[in-house]
Amino acid sequence: MSDKLEREFLTLRRQVIEASFGRLNPVQRDAVFTVNGPLLILAGAGSGKTTVLVNRIANLVRYGTAHDSDKIFGTVTQEDVDALHALLEQGGKLTARLAGLLAVDTVRPWQILAITFTNKAAGELKNRLGDMLGADAQEIVASTFHSACVRILRREAEQLGYPSAFTIYDSDDSQRAMKELYKQQNIDDKFLPPRSALSAIGRLKDRMISPQQAEKEASDIRAKLVAQVYAGYAKRLRGAGAMDFDDLIYQTVRLFQEHPDVLERYRNRWRYILVDEYQDTSVAQFLLVSLLAGGNNNICVVGDDDQSIYRFRGATIENILSFEQHFPGAKVIRLEQNYRSTTSILDAANRVIQNNVGRKGKTLWTDNGQGEKVQYYLADNEQDEAAHIASIVGKNLKKGARLRDHAILYRMNAQSGPIETYFARAGIPYKIVGGHRFFDRKEVKDILSYLSVIANPQDDLRLRRIINEPARKIGAATLDTAANIAAGLGCSLLEVIGEAENYPALSRSLTPLKNFYEIYQELCAAAEEQTLDELVATVIDCSGYRRMLEAQGEEGQTRLENLGELVSAVKTYVEEAGEEATLEGYLEQVALISDIDGYDEEADTVVMMTMHAAKGLEFDYVFLIGMEEGVFPGQMSQYSPDDLEEERRLCYVGITRAKKELYLSRARSRMIFGKTNRYPESRFIAEIGSDLLEGEESAMPSFGRAASPAHGGARQGGMSFKSFAAGSTLASAPAPRPTAARRGAGVKFAPGDRVEHKVFGKGVVLKVTPIAGDSIVEIRFDTAGVKKTMANYAPLTRLE
DNA sequence: TATCGTAGTGTTTTT
DNA sequence: CACTACGATA
């Protein structure tokens, strides 16, 4: 074999490998083919970092280091070279022989651990890997920090003195546990509210500080109390065989620090580690990753310091800023080209973020073209803001956009209310991500608590939650005596209840306790025999929960329906997990599920969520609402420069979600938590600058704008309305509410009328039902079917 | 022990 | 405004 042939082969090999990954820019390509050693990818918003991540993993598995290597396994023949030429020119399939020649030091899929921020992101990663790698992708572990840790802890919990079926407490459980502790130890909840205590403890755990250390380092009374409460809380959870969210990380790191042999096993298993959203990792998460990567340091992290928005949860931007110190010899790659947004949008984003100090510094650019100017609307109040958004959605739909191309983003969940009300009345389909989760509803949590007591009988907290739900005449007094006995014996509450007849102190409530225990045993037996979804149905029946709800009329009926939904959710889980389906597995999935995980981008509806939840998503049309000082940036951040910078990063995240058009809005007055306030304009508006904005404002502050589709009289251009706004405060003082009376007689509808709806198009009125000063109009649309809307809210006009 | 009513309170963002 | 916690009553 000649040198010349080999050289030709190596060049060809590189070309074939590159071709198999499609279009990548030079910087992206560099990231994909950097295989070994520490790598920091600074990825701006919309820079195609997921593509890079997927391709990088695919390259590890398929080609290993072949792209930059001159190693060849086997002997190259002229035929091989010809075949590669043909492949490059005509495409086609690889033979097994060629595939072998293209690979050098490949990585087995199960040696790769990819950590993402949400389950949804992990799922997407797996899907895209599946498309590229087929069955191999199944063996790659792609999960969140929390899920990955649970996986490890389930296997190793005993080393730490926890049962392997430990319960995962959500923040609600944590709070209950904390309140019980407060009561037991007579702690003043004014001086240190349980919520603050929990978040302080959480932040200690994020920094891997134990209760003992916290005690030692406490310098003031409050810190001392936190340390004391921390110790008590930790003891309580340990006794219940439970871990909270922060424990999942904290205990895993402790496991690795204290059991080098265990760490060694996992180090050998995962030889390549990738972490997405690295800017949002905590000290504990950094330690976890660096422990696992220790040795070969094949660690690749992807992040954007400008998008760090979880400082309040213990994330330290330090992790990204000092990556090169932590991992000497680290390679740093910057992805600054944006493929998502227009120049107008990026200009606005860059203008805002450049007001922050202490960042790595980068400027996004794009060749997507200038695009429309950023729109800025000044509304009278939140209803008017909602109406304006609805009318823009209508306009865009006419231009051919779909509902699901629109996202409404806000600072806090409470802001969704007015928009939701308006959209519901107008009959515009929408979906809210976040707020109250399905699994947080009382009835659902109760049934899940039954299940978790079956899985982990040590868990007194969840037991207390359900022992008298439905009412079984087991009150607080009885439970306290039983708990005291349990504490004395050092066993669980449930064990005491099981043999209640042995304790004279419990004689008065012996029957109810025994009745409960019987139910419990019945359920345990059912857990052995039935499938998971059957078990859930059994729990609902045997516990008496169904009977209780049935006796509650309408309210109980909807709750019963929710429980029906729970049963079908479990059924879906059983079908998906197949043989792997276990009770613990299901409870774990429920505990770690997040709001965004349930977001379905296929459904054609407008979507509403917080800017936090929108991280990582993109939409053609994005509305950022409530651009007011005190709302965004929030009240809490006004006096803290650090918090303000985080708000600014959040603003940057919000702006960069938009692909085509960005709409900002502010209301002159807004009702928040029951009080009407007038907030000044958000500083972010001034930071963007009037030259990038195109303004418009509510025209006549008092007259049913909601129903009038055209913004008659709205001013266009520049920011000249600022002075106008100031002068018109008096005129706009009475809160406008679109009522039938205000709108006059001209816009009533009658059956048979031909009408046009901004969202659904043209149709015929079928029925009109007057109700409380408004009316429900039932319309058969030519294309959208039959819908009901409220006459005063729907963007509806009568056609002559 | 359960249930009803009232007073008070606290409100960001989330795995 | 919405929720919780607590107290009075059946």
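The figures here come from the full heavy-atom set of this structure, side chains too, leaving out hydrogens, waters and symmetry mates. Letters go in sequence order (proteins before strands), and every chain restarts at 1.
- With sequence neighbours excluded, the residues forming a ring-ring contact (aromatic ring centres under 6.0 Å, His included) with F286(A) are H326(A), listed by chain and number.
- When the salt bridge (charged side-chain N to carboxylate O under 4.0 Å, His left out) test is applied to E443(A), the partners found at least two apart in sequence or on another chain are R559(A).
- With sequence neighbours excluded, the residues that form a salt bridge (charged side-chain N to carboxylate O under 4.0 Å, His left out) with E277(A) are K49(A), K615(A).
- Judged as a ring-ring contact (aromatic ring centres under 6.0 Å, His included), and not counting sequence neighbours, Y162(A) has no contacts.
- Pairs passing the salt bridge (Lys or Arg N to Asp or Glu O under 4.0 Å) check and including a residue from residues 194-208 of chain A, sequence neighbours excluded, read K205(A)-D244(A), K205(A)-D247(A).
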Sugar-phosphate means primed atoms, P, OP1 and OP2; the rest is base. With that split, encode nucleotides 6-15 of chain B 5' to 3' as B, S or - using protein heavy atoms under 4.0 Å.
-----BBBBB
For nucleotides 4-10 of chain C, 5' to 3', base contacts (B), sugar-phosphate-only contacts (S) and non-contacts (-) with protein non-hydrogen atoms under 4.0 Å give -S-----
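- Taking 4.0 Å as the cut-off between side-chain N and carboxylate O, R670(A) and E385(A) count as a salt-bridged pair.
- For Y573(A), the ring-ring contact (aromatic ring centres under 6.0 Å, His included) partners two or more places apart in sequence, or in a different chain, are Y586(A).
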Quick one: which protein N/O atoms are closer than 3.5 Å to N/O atoms of nucleotides 1-4 of chain B? Pair and distance per line, please.
from, atom 1, to, atom 2, distance (Å)
dT1(B), OP1, T478(A), OG1, 2.9
dA2(B), OP1, N468(A), ND2, 3.3
dA2(B), OP1, K473(A), N, 3.4
dA2(B), OP2, N468(A), ND2, 3.3

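- Every residue meeting the side chain to side chain donor-acceptor pair (under 3.5 Å) condition with E124(A), not counting sequence neighbours, appears here in chain and number order: K120(A).
- Residues passing the ring-ring contact (aromatic ring centres under 6.0 Å, His included) test with Y599(A): none are found, sequence neighbours excluded.
- Comparing the C1' positions of dT4(C) and dT13(B) gives a spacing of 23 Å, expressed to the nearest Å.
- Partners of R648(A) according to the salt bridge (charged side-chain N to carboxylate O under 4.0 Å, His left out) rule, which considers only residues two or more places apart in sequence or in another chain, are E687(A).
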